[in-house]
Protein chains: 2
Amino acid sequence: MGIKERKAREKEQLRQQILSAARELFVNEGYENVSMRKIASKIEYSPTTIYLYFKDKADLLDFVCQETLLKLLNTLEQLKSEISDPVERLKKSGRAYIAFGLKYPQDYKLTFVVRPQFQEGLRLQEGSIGKKVFDYLHEIVSECVRQQIFRQVDIDTTGQVMWSAVHGVTLLLIDFPDFPWTERDKLMDAVIHTTIEGLKA
Amino acid sequence: MGIKERKAREKEQLRQQILSAARELFVNEGYENVSMRKIASKIEYSPTTIYLYFKDKADLLDFVCQETLLKLLNTLEQLKSEISDPVERLKKSGRAYIAFGLKYPQDYKLTFVVRPQFQEGLRLQEGSIGKKVFDYLHEIVSECVRQQIFRQVDIDTTGQVMWSAVHGVTLLLIDFPDFPWTERDKLMDAVIHTTIEGLKA
DNA sequence: TATTTAACTTAACATTGTTAAGTATAACAC
DNA sequence: GTGTTATACTTAACAATGTTAAGTTAAATA
C-alpha cells in the first residue's frame with residue numbers, strides 16, 4: 001500500500017509549497033496586497049487549487065502565522081537552556097522577542113495585530129502556540145518573583161506588564177520607522193531595563 | 001459676494017458629511033470591510049462624488065485618523081491644566097491615553113497601527129498632530145527629569161519607553177479581549193506604575 | 001439670452017475572493 | 001487489458017472592489 005502514502009506525501013508537499021509561497025508574498029508585500037492569483041502563479045498552479053488545501057485566504061494567513069509563532073517559540077526556548085539566572089534570562093528573552101519582531105515585522109504584525117481582527121474568538125486560547133509564547137514569559141517572571149527579586153505582586157499581572165512593554169516598543173519601531181527614535185539597541189535595552197527595575201522589590 | 005461663500009460652506013458641509021459617514025463605518029466595520037460604495041450610499045451620493053473631495057480611500061482614512069488624534073490631544077491637554085505635579089500628571093495622562101484607546105479601539109488601531117502601513121513616509125512628521133501627542137508625553141517626562149525625580153538618562157529615550165508601555169498594553173487589551181487579563185484598571189495601573197518606578201532615580 | 005463653470009452621475013475597467021462545473025489522469029475492480 | 005470510479009486539478013463565471021473617463025444637469029456669469 002505504498003501508493004496511498006506517496007500520494008499523501010505529494011499532497012503535503014504541495015500544501016507546504018502553497019504555504020511558503022504565501023508566506024513569502026505576505027511578508028514582502030503585505031497581506032492585503034497579495035491576491036490568491038499571485039500566490040497561485042508563484043507556484044504555477046491555478047488559483048482554485050489553493051482552495052483544495054485551505055478554506056480561504058484568512059485560513060492561509062492563519063497557518064502562516066502559526067509557523068511564525070513556532071519560530072519565535074523555538075528562538076525563546078533555546079535561550080531557556082542557555083541562561084540560568086532568571087533576570088538575565090528575562091532580559092535576553094525580551095531582547096530576543098523584540099529582535100524577532102523587527103526581523104520579521106510583517107509576520108509579527110500579522111500574528112499579533114492583524115490576525116486577531118480577522119479571526120475573532122479562538123486566539124491565544126489554551127494549547128495554542130501564542131499561549132505558549134506567553135507562558136514562556138510568564139514562567140521566567142514567576143521565577144523572578146519566587147526568588148524574591150521582583151516585588152511580590154500578582155504574578156499574572158507582572159507577566160502582562162512585561163509583555164506590554166516589549167510588544168509596545170516592537171510595534172512602534174515597526175510602524176514608525178522614520179520617527180527619530182533613540183538608537184534601536186539602546187531603546188530596546190531601556191524598555192527592558194526600566195520594566196525590570198520597576199518590577200524589582 | 002455671498003454666493004461664493006454659501007457654496008464654499010455647502011461644499012465643506014458635504015465634506016464633513018463624507019468624513020463622518022466614513023468614520024462611523026470604518027469604526028464599526030473595519031477599514032477593509034468598508035467600500036466606497038457603502039460610504040456613498042450612506043450619504044446618498046454616487047460613489048464617485050467622494051473622489052471630488054478626497055484623493056482616494058487611504059486619504060479618507062488619513063483624515064479620519066487626524067480627527068481621532070485631535071480628540072486624543074484635547075483629552076490630554078485638558079489634564080495638563082488640571083494637575084501640577086509632574087509624576088501625578090504622567091500617571092493620569094497614561095491612564096487617559098490607554099482609556100482613550102479602549103474607548104475608541106478601532107480609531108486607535110487605525111491611527112497608530114493600520115494607517116502607517118497605508119501611508120508610508122509622512123507619518124509623525126514635524127507639525128503633525130501625532131507628533132504633538134508624543135510631544136505632550138515628552139514634555140511631562142522632561143519635567144520629571146528636570147525635577148530629578150527620574151534618573152538622568154536621555155530624555156528622548158525616557159519618553160519613548162513610556163510610550164512603548166502604554167501603547168503596548170492598549171493594543172494587547174484591544175486585540176486579545178478574550179485573554180484572561182488581570183482586571184483592566186489594575187493592569188493599566190500596574191503598567192504605568194512599573195514604568196514610572198523603573199524610571200525613577 | 002448665451003456661455004462657461006461647478007457639482008454630480010453613469011458607465012466602464014481591471015482586479016479581487018470565491019464557487020460551480022468540467023476535464024484529464026491515475027487507481028482500482030474484474 | 002478494459003471499464004469504472006475517484007482524485008487532482010483547471011476553466012469559466014459571479015458579484016464586489018477601488019478608481020477613472022466621459023457625460024449631464026443646473027447654476028452663475030457675461
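Residue numbers begin at 1 in each chain, while the letters A, B, ... track the order of the sequences.
- B/Tyr53 carries B/Lys11 over the face of its six-membered ring, with the cationic atom under 6.0 Å from the centre and within 45° of the normal.
- The distance between atom CG of B/Leu60 and atom C1' of D/dT19, rounded to the nearest whole Å, is 14 Å.
- Counting non-hydrogen atoms under 4.0 angstrom, B/Leu52 reaches a base of the nucleic acid.
- Remark: B/Lys71 is positioned above the aromatic ring of B/Tyr104, its terminal NZ or CZ atom under 6.0 angstrom from the ring centre and at most 45 degrees off the axis.
- Residue B/Thr48 is in base contact, counting any heavy-atom pair closer than 4.0 Å across all strands shown.
- For the OP1/OP2 pair of C/dA20 and a distance below 4.0 Å, the side-chain nitrogens and oxygens of A/Tyr51 include no atom meeting the criterion.
- Residues A/Phe100 and A/Tyr108 place their aromatic rings such that the two centres sit no closer than 6.0 Å.
- Ring pair A/His167/A/Phe134: centre-to-centre distance not below 6.0 Å.
- The shortest distance between the side-chain N/O atoms of B/Lys11 and the OP1/OP2 oxygens of C/dA7 is below 4.0 Å.
- Toward the 5' end of DNA chain C, the nearer of the two residues A/Lys55 and A/Lys38, judged by each one's closest nucleotide, is A/Lys38.
- Rounding to whole angstrom units, CD of residue A/Gln17 and P of D/dC9 are separated by 10 Å.
- The CZ-P distance, from B/Arg15 to C/dC8, rounds to 14 Å in whole Å.
- In this structure, A/Glu44 and A/Arg37 both approach DNA chain D, and ranking their closest nucleotides by distance from the 5' end singles out A/Glu44.
- If you take CG of B/Asn33 and P of C/dG17, they are 14 Å apart, rounded to a whole angstrom.
- The cationic atom of B/Lys57 (NZ for Lys, CZ for Arg) lies less than 6.0 Å from the six-membered ring centre of B/Tyr31 and within 45° of the ring axis.
- Taking side-chain N and O atoms only, B/Tyr45 has no distance below 4.0 Å to OP1 or OP2 of C/dA7.
- Rounded to a whole Å, the CD1 atom of B/Ile50 is 13 Å from the C1' atom of C/dT9.
- Rounded to a whole Å, the CG atom of B/Leu25 is 12 Å from the P atom of D/dG18.
- Put simply, B/Ser35 has no side-chain N or O that comes within less than 4.0 Å of OP1 or OP2 on D/dA16.
- Rounding to whole angstrom units, NZ of residue A/Lys57 and P of C/dG17 are separated by 5 Å.
- Backbone-only contact: B/Tyr53 has heavy atoms under 4.0 Å from sugar-phosphate atoms and none from a base.
- Between A/Phe54 atom CZ and C/dT18 atom C1' there is a gap of 16 Å when expressed in whole angstrom units.
- Within the structure, every side-chain polar atom (N or O) of B/Ser46 is placed at least 4.0 Å from both OP1 and OP2 of C/dT10.
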